2 protein chains.
Amino acid sequence: MKMEKETTIYDIAKQLNISPATVSRALNDHPAINIDTKKVIISKAKELGYRTNIFASNLRRKKTNTIGVIVPRLNSYFMSTVLAGMEKVANEASYNLIIAQSLESVKKEMANVKTMFNSHVDGLLVSLSYDTENLDHFEPLIKKGVPILFFDRVLTHKKCTSIVIDNLKAGYEATNHLIAQGCKHIMHITGNLQRNVYQDRLKGYRLALAESGLHYCEELVRTTDFSYQSVNEMVQYLTSLKPVPDAIFITNDFYAAHCIVALKQAGFSIPEDIAIVGFNDDPIAMVVEPNLTTVRYHGQEMGEVAAKSLINHLNEQSSIKDTNAIILHSELVVRASSLKGKST
Amino acid sequence: MKMEKETTIYDIAKQLNISPATVSRALNDHPAINIDTKKVIISKAKELGYRTNIFASNLRRKKTNTIGVIVPRLNSYFMSTVLAGMEKVANEASYNLIIAQSLESVKKEMANVKTMFNSHVDGLLVSLSYDTENLDHFEPLIKKGVPILFFDRVLTHKKCTSIVIDNLKAGYEATNHLIAQGCKHIMHITGNLQRNVYQDRLKGYRLALAESGLHYCEELVRTTDFSYQSVNEMVQYLTSLKPVPDAIFITNDFYAAHCIVALKQAGFSIPEDIAIVGFNDDPIAMVVEPNLTTVRYHGQEMGEVAAKSLINHLNEQSSIKDTNAIILHSELVVRASSLKGKST
DNA sequence: ACAACAAATGCAACCGATTGCATAAATATT
DNA sequence: AATATTTATGCAATCGGTTGCATTTGTTGT
């Protein structure tokens, strides 16, 4: 392996008989440098295969052009879509993304934060793990003035901005839709209620029930980790209820799809016997039969907005300091899984 | 925002009345430093909230502990799973991952490579874009001695290692399985044949046909970009063939699932009229009805192996220089979508 | 022709950690 | 006790850009 030696601005300077400072300025398009000088320097740089040593540069400028991202999991449709959005924006603004996953554990999340801290990220984008209870582990970064922006799964912090959808409204609309279909015994399957997303959707569910004079019933609300393994148990539970629910609002499309499969296997018709509404508009929603009614919110957009807000803040083109929350749009997409016939 | 000033080894040195060199060595657990001195230094470092300035460190050591990853898309089940595997391994070895997506375009891929180049990644993990035709744009990195490892969608290069599955064998087995079900007119829907993965699967398909004395027929092989929009057109095409194929081997589960949906809508029964085999074992395979027979290969494992190989090489614990290719395991998972009854 | 000013370039310190070599202190050897 | 060895620490150069300030060169005005 014949490694070529790196060329530096000093090499360029020497060859052109000028000072390194001029080279540096020329390469950074500094206005004080003569345009012809610039041209010569730039062409020489190209000739020598020069690339800036960002470490020297970062060291001096105390900026890394790197954004850290911590997500519960990389490999969910929603998250990977969010990341795709972030990557796009970051790339365009010539920021790098360092991505880490907490695998739904606070412990790993804390380690990730520490890594990000040591990597001197300019800012941080975070969606919290399943069991994160507070934001204490982010304090070191906050103290150093590193801006942190939470998205989707958030906790509020007076110095951080959150990007979310209106989960309460989404839950409300989903439930209302089921009520409008004539359902009376609406079950709700959701995740850890400590997470805002699930908590708020539950609130929306309850609000819709209350408004329609339907009784809220604890045994109709179940939480799960959305693992594939737990589907059967859940279906067993709900089909043994009396009466069996005539609708289920499930805050996860993947889980909802598998519930549909299991329920059909158990002899129920969807949506006639049980109407189903999911959440996230995962591609799976268009494949499961009947197609799944779900709440769509655009992961790509959330990623783009998150990254853009952070980068604008870093470039001081705008500040997110006093923006407490950014609420993105979501909508109920009605498909066959929740459409009962004309009458109840 | 009250930014605390960063503490440096000089601050620690001054407070303890020792030299920065000693502090540096102590923090790096250098054997020449007295254990008590180390203890004092480390506790002082903790007290002051010290964190190493990796830029200074990288600048000096000419190593970044960063691995670049370029993938066609972040948001596919397979890729995000691969990335999850890479992240896990990298994190454990305290490497950072910089992730970029080419969005299936060489042009973007070239830009990504340039970014990685300038970011001074220690190594690069790449899965090629849809229309990449050669590896010229990687040469600058190769010349600098940066190891590059291609995975899944690869091109061979004498200085780079590839990590793949045996696509020929997988295609062969998938096709053979359909033949064993009694299918005579087996269609093959696949991607850009310039990509090894599709090319090899086609070879396997042809081999299986040939071995069984079945005629290879060009009109039964179609390439697509696997976009959702193109499904209907494709189904229209294949159902107008005479005779209509009695089986399809589709190298993408997502596409296969939608084909099943469309074919059922068009009045065909799956698998009785048309048997289907997909590729990748996407979660969608377990939801579509009938469940999809597919080739499973473990993305997480591929990611882990790729990252581990590269990191071992970087740490000089082993060299991938003379390893040309690493072949991972894959297997046909038979489900209902391809199981015809007893007889043909 | 000379002051006043603008434009272009250079000087040198600086960012913070690392490391080869020298040195001081402590311990072992004879 | 004097010398050899080991152990622990310090000195100072180095990595490669960046940037405030000084300097040189060039232009304009009168």
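As the structure is a computational prediction, the values presented were derived from the model and not from experiment. Letters A, B, ... mirror the listed sequences (proteins, then strands); counts begin at 1.
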Trainee: Whether the B/Ser19 and B/Thr22 side chains hold a donor-acceptor pair (N or O, under 3.5 Å, no angle test) is what I'd like checked.
Mentor: yes
Trainee: Between the two ends of the helix from C/dA1-D/dT30 to C/dT30-D/dA1, what is the bend in degrees, rounded to 10 degrees, where each end axis spans five pairs?
Mentor: 40°
Trainee: Among D/dG17, C/dA17, C/dT9, which is the nearest nucleotide to the side chain of A/Ser57?
Mentor: D/dG17
Trainee: Nearest-Å distance, CG (B/Asn58) to P (D/dG17)?
Mentor: 14 Å
Trainee: Can you tabulate the close N/O pairs, meaning under 3.5 Å, that link protein atoms to atoms of nucleotides 19-25 of chain C?
Mentor:
| residue | atom | partner | partner atom | Å |
| --- | --- | --- | --- | --- |
| C/dG20 | O6 | B/Arg25 | NH2 | 2.5 |

Trainee: Indicate, with a heavy-atom threshold strictly under 4.0 Å, whether A/Ile18 touches base, sugar-phosphate, or nothing.
Mentor: sugar-phosphate
Trainee: If the cut-off is 4.0 Å, is A/Ser19 near the phosphate of C/dG10, judged by side-chain N/O to OP1 or OP2?
Mentor: yes
Trainee: Taking atom C1' of D/dT9 as reference, at what distance in whole Å does atom NZ of B/Lys38 sit?
Mentor: 13 Å
Trainee: Give the rounded distance in Å between these two atoms: CD1 of B/Ile33 and P of C/dT18.
Mentor: 12 Å
Trainee: Between C/dT18, D/dA8, C/dG16, which nucleotide has the shortest distance from any of its atoms to the side chain of B/Asn34?
Mentor: D/dA8
Trainee: May I ask you to verify if any side-chain N or O of B/Lys62 is less than 4.0 angstrom from the OP1 or OP2 atom of D/dG16?
Mentor: yes
Trainee: Check whether any side-chain N or O of B/Asn28 sits under 3.5 Å from a backbone N or O of B/His30 as a donor-acceptor pair, and report yes or no.
Mentor: no
Trainee: Taking atom C1' of D/dT18 as reference, at what distance in whole Å does atom CZ of B/Phe55 sit?
Mentor: 15 Å
Trainee: Suppose the criterion is salt bridge (charged side-chain N to carboxylate O under 4.0 Å, His left out): which pairs have a residue in residues 37-52 of chain B, not counting sequence neighbours?
Mentor: B/Glu6-B/Arg51, B/Asp29-B/Lys38, B/Lys44-B/Glu47
Trainee: Once you round it to whole Å, what is the distance between C1' of D/dT18 and CG of A/Asp29?
Mentor: 16 Å
Trainee: Does one side chain, of B/Thr115 or A/Asn91, offer a donor that lies under 3.5 Å from an acceptor on the other?
Mentor: no
Trainee: First locate atom CG of B/Asn53, then atom CD1 of B/Ile9, and finally report the distance between them rounded to the nearest 0.5 Å.
Mentor: 10.0 Å
Trainee: I need the CG-P distance between B/Asn53 and C/dT18, as an integer number of Å.
Mentor: 9 Å
Trainee: Taking any heavy-atom pair under 4.0 Å as a contact, classify B/Tyr10: base, sugar-phosphate, or nothing.
Mentor: base
Trainee: How many angstroms lie between atom CD1 of A/Ile148 and atom CG of A/Leu125, to the nearest 0.5 angstrom?
Mentor: 10.0 Å
Trainee: Start at the 5' end of DNA chain D and walk down; is the nucleotide closest to B/Ala56 or to B/Thr37 reached first?
Mentor: B/Thr37
Trainee: Please confirm whether the backbone N or O of A/Val305 pairs with a side-chain atom of A/Ser309, one donor and one acceptor, at under 3.5 Å?
Mentor: yes
Trainee: Can you tell me if A/Lys63 has over 12 outside heavy atoms packed within less than 6.0 Å of its NZ?
Mentor: yes
Trainee: Would you mind reading off the distance between A/Leu27 atom CG and C/dT9 atom C1', rounded to a whole angstrom?
Mentor: 15 Å
Trainee: For residues B/Phe138 and B/Phe117, establish whether the separation of their ring centroids is below 6.0 Å.
Mentor: no
Trainee: Could you tell me if A/Thr132 and A/Ser129 have a donor-acceptor pair between their side chains, going purely by distance under 3.5 Å?
Mentor: yes
Trainee: Between C/dC15 atom C1' and A/Lys63 atom NZ, what is the distance in whole Å?
Mentor: 17 Å
